[in-house]
Structure formats: C-alpha cells, structure tokens
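Everything numeric here is computed off the predicted structure, so don't read it as measured data.
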Amino acid sequence: MRFAFESDKGKIREKNEDSYKVISGVPGVPDTFIVADGMGGHNKGEVASKTAVEFSEEFLMKNTGMFAQEQSILSGIISLIDETNRVVYMKSKETEENAGMGTTFIISVLLNGKFFIGHVGDSRVYLIRDGNIEQLTVDHSYIEELVRNGTLSREEAENHPNRNIITRALGCADDILADTLSIETKQGDTFVLCTDGLSNMLTDERILDIISASDDPGLSCSELVLQANENGGEDNITVIVVKL
C-alpha cells in the first residue's frame with residue numbers, strides 16, 4: 001500500500017478549515033484515513049474539523065480492540081463517530097463564537113483486505129478499479145436528496161447554487177446518524193478521500209484521468225489540488241489517495 005495527502009486553502013477562502021489524519025505503521029492499529037471539512041462563522045469551522053480529527057484519533061488509540069476485528073469494526077466506527085459528534089457539539093456550546101459550528105467527517109479503515117468506511121456530510125470516498133471510478137459514499141446534502149427523488153438530474157446538480165448545503169454534520173446536534181459501509185479490496189484498487197473543494201471543482205471523470213496518469217499518489221494529489229485551483233479554487237481542498 002502507498003498513500004499520499006495534500007490540503008490547500010484554495011483561492012477564495014482566507015483560511016483552511018479542512019483537517020485530516022493518516023494513521024499508518026502503528027503496531028496493533030489498522031491503517032486509518034480521516035478527512036473533515038469544517039463549517040461555521042468566524043472561521044470556527046477550523047475548530048470543529050480539528051477537534052473532530054484529533055478526538056477521533058485519540059478514541060481510536062484508546063479503543064484499538066474495536067478496530068482489530070472485522071466483526072466489531074463497523075460498530076467501533078459508529079461509536080467513534082457518536083463520541084466525536086458529542087465532543088464537537090459540547091465545544092460548540094463553550095463560546096458564542098463557536099455556536100453553530102460543525103464538520104463533515106470521513107473515517108476509512110483498511111483491515112484484512114477490506115476497506116471500512118463511516119461518514120457524515122458531503123466529503124467523499126471514491127474507488128478507482130479497472131479503469132472506472134465509483135463514488136462509494138452518498139452525499140448528505142440538499143442537492144443529493146433532490147437528485148435521489150428525481151427532482152434534479154445529476155447534470156443539473158453539478159452547478160446548482162445550493163450544492164453546498166449539507167443535511168448532516170458533526171457537532172450540530174447532540175446525536176448524529178452516520179452511514180457505514182465496507183468493500184472487499186482488489187490488488188490495484190485506488191481509494192480517494194476528499195472534501196467538496198475537490199469534488200465541486202473537478203468531475204469524477206477528471207479525477208479518474210488525473211489519478212490514472214500517474215502511479216505516484218503524491219503526484220496525483222498535487223495535480224488534483226492544482227487543477228481544482230485552476231478551475232476556481234472556490235473552497236478548501238483536501239485529498240488523500242490510497243493505492244493498493
């Protein structure tokens with residue numbers, strides 16, 4: 001396995017309110033990849049995403065048994081997300097400036113040839129396999145709901161003015177509903193975790209083309225960020241590329 005990551009504030013935002021973490025090579029802990037995209041006034045999105053990433057890493061390290069076996073890992077991910085949500089929510093109550101802050105959240109764990117995923121919000125996980133790209137996660141967003149009920153086409157959704165409105169985020173209420181899934185991996189698979197600063201600026205096909213052009217995940221990350229900025233860089237951009 002090889003991986004790389006890159007995060008950039010983009011061309012419009014004053015600060016980078018995305019956070020991420022890669023945990024790899026730690027004895028007894030499976031390889032883990034985390035991405036969070038913060039939101040909130042007064043740049044408190046940065047506080048929300050950083051709090052989520054730091055606490056989730058701490059939770060993982062204290063509860064490694066949950067994540068060491070296939071039969072318990074998805075319930076472990078749910079527990080981690082529930083506790084992380086609680087911590088971010090409590091922090092949002094600490095000061096008036098923190099009020100209303102929240103964050104998207106993705107955690108992906110590689111164990112025994114399977115990729116286990118838990119997510120909230122519109123940050124995404126893609127799978128590239130056999131020359132095709134597939135979005136594994138389903139956006140928790142207003143626009144995605146319109147697409148799924150047939151009100152909007154996928155093409156109409158791409159440039160809709162409300163495409164950034166999300167329907168779930170960590171820290172906005174004292175409980176949260178997270179989605180989980182797992183997928184059997186194959187040799188040659190590439191997984192891409194990213195915030196919407198990437199997926200709103202590049203089509204899935206363009207992401208596929210960029211990653212297929214290089215076997216180096218570091219070069220892929222750099223090119224993805226570069227192209228997202230060249231297309232407008234309207235938001236913070238964070239991407240993790242994992243090649244098996």
- Give every residue pair that meets the ring-ring contact (aromatic ring centres under 6.0 Å, His included) criterion with at least one member in residues 207-230, sequence neighbours excluded. none
- Item | Minimum side-chain heavy-atom gap Ile34-Leu60 below 4.5 Å | no
- Query: With Arg129, which residues qualify under salt bridge (charged side-chain N to carboxylate O under 4.0 Å, His left out), at least two apart?
  - Reply: Asp189
- Would you say the side chain of Asp209 lies within less than 4.5 Å of the side chain of Arg206, judging by non-hydrogen atoms? yes
- Message: If you define the side chain from C-beta out and look only at heavy atoms, does anything of Met66 sit under 4.5 Å from Ser75?
- Response: no
- Kindly give the heavy-atom pair with the smallest separation between Ile77 and Gly118, and that separation in Å. CG2-CA, 3.7 Å
- Message: Is there a side-chain contact between Leu224 and Cys221 in this structure, where contact means two heavy atoms from C-beta onward sitting under 4.5 Å apart?
- Response: no
- Co-membership, hydrophobic cluster, residues Val87 and Val47, 4.5 Å side-chain: no
- Message: Testing the 3.5 Å rule here: is there a donor-acceptor pair between the side chains of Thr195 and Asp235?
- Response: no
- Item | For Phe191, the rest of its hydrophobic cluster, which grows through side-chain links under 4.5 angstrom | Met1, Phe3, Phe5, Tyr20, Val22, Phe33, Val35, Ile106, Leu110, Phe115, Ile117, Val125, Leu127, Leu136, Leu181, Ile183, Leu193, Ile240, Val242, Leu244
- Query: For residues 211-244, which residue pairs qualify under ring-ring contact (aromatic ring centres under 6.0 Å, His included), counting only residues two or more places apart or in two chains?
  - Reply: none
- Over all atoms of both residues, closest heavy-atom pair of Pro27 and Gly25: CD-O, 3.5 Å
- Message: Nearest 0.5 Å, please: how far is CG in Leu198 from OG in Ser123?
- Response: 10.5 Å
- Message: Once rounded to the nearest 0.5 Å, what's the spacing between atom CD1 of Ile128 and atom CG of Asp204?
- Response: 9.5 Å
- Query: When hydrophobic residues are tied together by side-chain contacts of less than 4.5 Å, even through go-betweens, does Leu219 share a cluster with Leu208?
  - Reply: no
- Message: Just to verify, what does Ser72 make a side chain to side chain donor-acceptor pair (under 3.5 Å) with, not counting sequence neighbours?
- Response: none
- Ile176 and Ile81, any side-chain heavy atoms less than 4.5 Å apart: yes
- With sequence neighbours left out, write down each residue that passes salt bridge (charged side-chain N to carboxylate O under 4.0 Å, His left out) with Glu230, or none if nothing qualifies. none
- Among pairs that include at least one residue of residues 50-83, which meet ring-ring contact (aromatic ring centres under 6.0 Å, His included), considering only residues two or more places apart or in two chains? none
- Summary of ring-ring contact (aromatic ring centres under 6.0 Å, His included) pairs that have at least one residue in residues 70-105, sequence neighbours excluded: none
- Query: Is a donor on one side and an acceptor on the other found under 3.5 Å between the side chain of Asn236 and the backbone of Ser7?
  - Reply: no
- Quick one: are Glu17 and Met39 in side-chain contact, heavy atoms under 4.5 Å? no
- Message: Can you give me the closest heavy-atom contact between Asp18 and Gly38, atom names plus distance?
- Response: OD1-N, 4.5 Å
- What's the spacing between Thr190 OG1 and Ile207 CD1 if we round to 0.5 Å? 12.5 Å
- Could I get the full list of salt bridge (charged side-chain N to carboxylate O under 4.0 Å, His left out) partners for Lys9, not counting sequence neighbours? none
- Item | Over 12 non-hydrogen atoms of neighbours within 6.0 angstrom of CD in Gln187 | no
- What one should report as the nearest heavy-atom pair of Val109 and Pro30 is CG1-CG, 3.5 Å
- Query: Which residues pass the side-chain contact (heavy atoms from CB on, under 4.5 Å) test with Ala48, sequence neighbours left out?
  - Reply: Val88, Met101, Thr103
- Dump the intermediate steps for side chain to side chain contact (heavy atoms under 4.5 Å, CB included) on Glu234 and Met201, then the final yes or no. CA-CA 8 Å; Glu234 295 175 3; Met201 293 294 100; 3.4 Å; yes
- Message: Tell me whether Arg168 contacts the main-chain N or O of Leu177 through its side chain, where contact means a donor paired with an acceptor under 3.5 Å.
- Response: yes
- For Asn112, side chain to side chain donor-acceptor pair (under 3.5 Å) partners two or more places apart: Glu70
- Salt-bridged, Glu46 to Lys50, with N to O below 4.0 Å? no
- Note on the structure: Taking every heavy atom of Ala228 against every heavy atom of Ile237, the minimum-distance pair comes out as CB-CD1, 3.7 Å
- dist Arg124:CZ -> Asn200:CG (nearest 0.5 Å) comes out at 7.0 Å
- Query: When you measure from the side chain of Ser49 to the backbone N and O of Asp37, does any donor-acceptor pair fall under 3.5 Å?
  - Reply: no
- Taking the side chain as every heavy atom from C-beta outward, state whether Thr180 and Phe116 have any atom pair closer than 4.5 Å. no
- Item | OG1-NZ distance between Thr51 and Lys44, expressed to the nearest 0.5 angstrom | 9.5 Å
- Message: Nearest 0.5 angstrom please: Glu97 CD to Ser92 OG, how far?
- Response: 13.5 Å
- Within the distance-only criterion (no hydrogens, no angle test), does the side chain of Asp122 pair as donor or acceptor with the backbone N or O of Ile166 below 3.5 angstrom? no
- Message: Quick check: closest heavy atoms across Ser214 and Ser220, and the distance to 0.1 Å?
- Response: O-OG, 3.9 Å
- Task: Could you check if a side-chain atom of Met61 sits within less than 4.5 angstrom of a side-chain atom of Val26, using non-hydrogen atoms only?
- Result: yes
- With Lys11 via salt bridge (charged side-chain N to carboxylate O under 4.0 Å, His left out) - residues at least two apart: none
- Pair His140-Thr104, side chain to side chain contact (heavy atoms under 4.5 Å, CB included): steps then yes or no: CA-CA 9 Å; His140 300 142; Thr104 71; over 6 Å; no
